[in-house]
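If you read the sequence from its start, that first residue is 1, and numbering goes on from there.
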Amino acid sequence: MRPKVAGGRAGDPFAPIADFGFLSDCETTALVAPSGNIEWMCLPKMDSPSVFGSILDRDAGYFRVGPAGVEVPAAQRYVPGTMVMETTWWVHGGWLVVTDALLMGPWHHETERSHTHRRAPTDYDADHVLLRMVECVNGQVQVRLDCMPVFDYGRIPARWEHAGAGYHEAVARGDGLGLRLTTDMNVGFEGSLATARTLLKQGESRFVALSWSEHAAPSSWEDARERLTWTVHHWQHWLDRGRFPDHPWRSHLQRSALTLKGLTFGPSGAVAAAATTSLPESPGGDRNWDYRYTWIRDSTMALWAFYTLGYDWEANDFFYFITDVAEAAEGRLQIMYGLDGREELPESTLDHLAGYDDARPVRIGNEAYKQAQHDVWGAIIGSIYLFVRKRDRLDDRLWKIIIKQVEDALANWRAPDRGMWEVRGEPRHFTSSKVFCWVAAERGARLARIRGDRDRARRWQAAADEIHADVLAHALDERGVFTAHYGASALDASALLIPLLGFLPADDKRVRETVLAIADELSEDDLVLRYRAAETDDGFDSDEGTFTICSFWLVSALVMIGELERARALCEKLLSYASPLQLYAEEIDPHTGRHLGNFPQAFTHLALINAVMQVIRAENDEPHSPLA
């Protein structure tokens, strides 16, 4: 069993990544440690500089509400069907429950336009308030509030001062931000720390609200309770829009759907790859990346997941974000973008931060945005095809994008690239990149037929056939197994996408041999590696954990080749590795079960939805639903 360690203040150990709770209002996110600390929160957007950053350095800011002297909780859970968390503590003499939420409210901009929304506003909006409700449910408990923001990734300490007539409001400013702490406790200051203490007896409650915009925070406990109830109902109503099978794994599908919604930046529709930066892919290692951006390659699987679960609005918002950036990219389409669509994501290191459990460097930005990755064209054309297939119509705007992206794929598919794993070694002729270029041409030909452009349909289909033949001629080893890149003998888990994308049918012998080879030779304790680091020039010497997305891909591929029992067993095993709150980081150490990498990871939850739905459909003798 891995130890349950609390964290939050200088000198404290770091909580395991999987033990954090995830909060979101679809503009801002926060991670809550088991100790009750908010240890990661960026303002005003999820890819802005951090205000609470102690997950990366114990001196980079935190916000705790909980019992004095006790940090290990009795239990944590989400209020069912919501992004609202409850943490329960037992102390000598009493029980305490803290409820945390990033508040949602009605649409705020009735008389003026929002400065951030490009997508059509809905009936709800982020309140820009972090609310923490405290209730003593039995006995009596001494409660302590500690709020120590440090702006700009731990570089600018807060300077607090009282506001209003008494001791119930305080404000802090820094890095162009203003924070307002509102509570029915009496707040005082210890340097950059705002603190309060109170004794709660059975049935007594308090509230603490941190706000950062012109929208008012709750001014009383009654107001706070009403707005918390509104937020709970908002999430439950949102979840109720979905279609979830009546199955023991339904809760995993629902939590994954909520997590994907929470990682969606509402104003633009973009889905962030994760809420964090620089959580290490190996303990104490240097594979630490900033994932608070949106990857074009995630788009096809994201649309498939949202459409499958009945969330067409979310799928369409993400789709329109993708087409917006594609339309703006008159030159080369990038592999990733900022959540607001910005193109430049310069990478730098924050050398003043110690890193999560001493894993350095801490990076912000992601230099991979400059890389040439040939999967980008197949991802966007595959997404357009899924979108058009739902509507059976293709307008002029989309057609212009399709022509540009397919032609780019055909002009570049013969060249080497960095591959979908963004290796920082030498460019190669990666098999997965060629397959995605085939997707661009093959789906492009289908779209051309829908459009009625017979000439392009013929030319693009001929190109797709040429790419297909090239892959079959150069990407197979002597066993008939697909390898990582041309001329290699090493395996790569991205080959599991070959049946999912429809490159070859699932009953093709080469597909079966590849799937079974990856299951048997590229796995540790049944969990799948992206590749073996010793066999791949990725620019690093350190190892990494198994990639959970690849393990879920294996589940889907096993279903497709008819290995349902093996797929079900692996899926059950993967679901057992979920965090206590049914969340996933990017990777899992197969020997300890420890979660590694940024958290929570959108791509993992997308692959979970795909895999679980494939197993359930196969159990019910329903047809497979690949991404083709």
Side-chain angles (χ1 to χ4, degrees), residues 244-245 247-257 259-260 298 300-302 304-305 308-309 420 432 482 491-508 511-531 545-579 582-590 593 595 600-628:
F244 298 93
H247 190 276
W249 295 344
R250 178 171 56 184
S251 66
H252 289 276
L253 291 170
Q254 291 177 330
R255 181 51 51 192
S256 290
T259 302
L260 292 173
D298 294 2
T300 302
M301 193 169 289
W304 186 95
T308 298
L309 297 179
M420 71 179 303
S432 62
F482 286 96
L491 297 174
D492 190 297
S494 60
L496 293 168
L497 292 172
I498 286 173
L500 271 67
L501 293 170
F503 182 82
L504 284 175
D507 59 2
D508 189 288
V511 170
R512 181 177 182 83
E513 293 301 321
T514 299
V515 172
L516 295 179
I518 290 171
D520 296 336
E521 301 169 27
L522 196 59
S523 299
E524 298 286 344
D525 195 19
D526 298 327
L527 305 186
V528 182
L529 299 161
R530 292 191 296 178
Y531 47 76
T546 62
F547 259 60
T548 314
I549 181 177
C550 299
S551 298
F552 280 120
W553 285 348
L554 178 58
V555 171
S556 297
L558 286 168
V559 171
M560 295 185 73
I561 67 170
E563 295 286 340
L564 179 57
E565 290 303 317
R566 189 169 182 178
R568 184 189 293 111
L570 177 56
C571 198
E572 287 177 344
K573 185 169 189 174
L574 287 167
L575 296 179
S576 76
Y577 280 109
S579 82
Q582 294 186 324
L583 301 173
Y584 288 86
E586 183 176 31
E587 302 179 22
I588 294 173
D589 183 319
H595 285 224
Q601 178 80 9
F603 218 179
T604 302
H605 286 277
L606 291 169
L608 180 155
I609 292 169
N610 191 343
V612 167
M613 291 300 295
Q614 294 278 26
V615 172
I616 292 173
R617 285 172 171 171
E619 289 176 341
N620 296 332
D621 292 323
E622 297 176 13
H624 300 312
S625 180
L627 304 174

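Side chains of Cys550 and Leu529 form no contact here, defined as non-hydrogen atoms less than 4.5 Å apart. The shortest side-chain heavy-atom distance between Met613 and Leu253 falls under the 4.5 Å cut-off. Using a 4.5 Å cut-off on side-chain heavy atoms (C-beta onward), Glu572 and Trp249 make contact. No side-chain heavy atom of Ser556 sits less than 4.5 Å from a side-chain heavy atom of Leu496. Residues Leu260 and Ile609 meet the side-chain proximity criterion, which asks for heavy atoms closer than 4.5 Å. Looking at heavy atoms from C-beta onward, Gln614 lies in side-chain contact with Asn610 at the 4.5 angstrom threshold. Counting only heavy atoms from C-beta outward, the side chains of Leu500 and Leu497 approach each other to under 4.5 Å. Using a 4.5 Å heavy-atom cutoff, the side chains of Val511 and Met560 are not in contact.
Side-chain N or O atoms of Asp492 include one that pairs as donor or acceptor with a backbone N or O of Ser494 at under 3.5 Å. Side-chain atoms of His595 come within 3.5 Å of backbone atoms of Tyr577 as a donor-acceptor pair (strictly under, hydrogens ignored). Using a distance-only test at 3.5 Å, with no hydrogens or angles considered, no donor-acceptor pair links the side chain of Lys573 to the main chain of Leu527.
What you find for Pro590 and Asp525 is that their closest heavy atoms are O-OD2, 3.3 Å. The minimum heavy-atom distance between Ile561 and Arg512, with the atom names listed, is O-NH1, 3.2 Å. Across all non-hydrogen atoms, the minimal contact from Leu554 to Leu570 is CD2-CD2, 3.6 Å. When all heavy atoms are compared, the tightest approach of Leu522 to Arg530 is CD2-O, 3.7 Å. In plain terms, the two heavy atoms of Val528 and Thr546 that are nearest each other are O-CB, 3.3 Å. Taking all atoms of both residues into account, the shortest heavy-atom contact from Phe552 to Thr604 is CD1-O, 4.0 Å.
With values rounded to the nearest 0.5 angstrom, Ser256 atom OG is found 9.0 Å from Leu309 atom CG. Expressed to the nearest 0.5 Å, how far CD1 of Ile498 lies from CZ of Phe482 amounts to 4.0 Å. In this structure, CG in Leu491 is found 8.0 Å from OG1 in Thr514, a value given to the nearest 0.5 Å. Distance check, rounded to the nearest 0.5 Å: OH of Tyr531 to CD1 of Ile518 gives 14.5 Å. Note: His252 NE2 to Leu575 CG = 4.5 Å, rounded to the nearest 0.5 Å. With rounding to the nearest 0.5 Å, the separation of CZ in Arg568 from CG in Leu558 is 12.0 Å.
Side-chain contact of Thr548 with Gln601: a donor-acceptor pair under 3.5 Å is absent, judged by distance alone.
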Task: Leu574/Asp526 under side-chain contact (heavy atoms from CB on, under 4.5 Å): CA gap, chis, key distance, verdict - done: CA-CA 9 Å; Leu574 287 167; Asp526 298 327; over 6 Å; no
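Judged by the 6.0 Å distance and 45° axis criteria, Arg250 is not positioned over the aromatic ring of Phe244.
Listed by chain and residue number, Arg566 satisfy the salt bridge (charged side-chain N to carboxylate O under 4.0 Å, His left out) test with Asp520 (two or more places apart in sequence, or in another chain). Among residues two or more places apart in sequence or in another chain, the ring-ring contact (aromatic ring centres under 6.0 Å, His included) test is passed with Phe503 by Trp438, His468.
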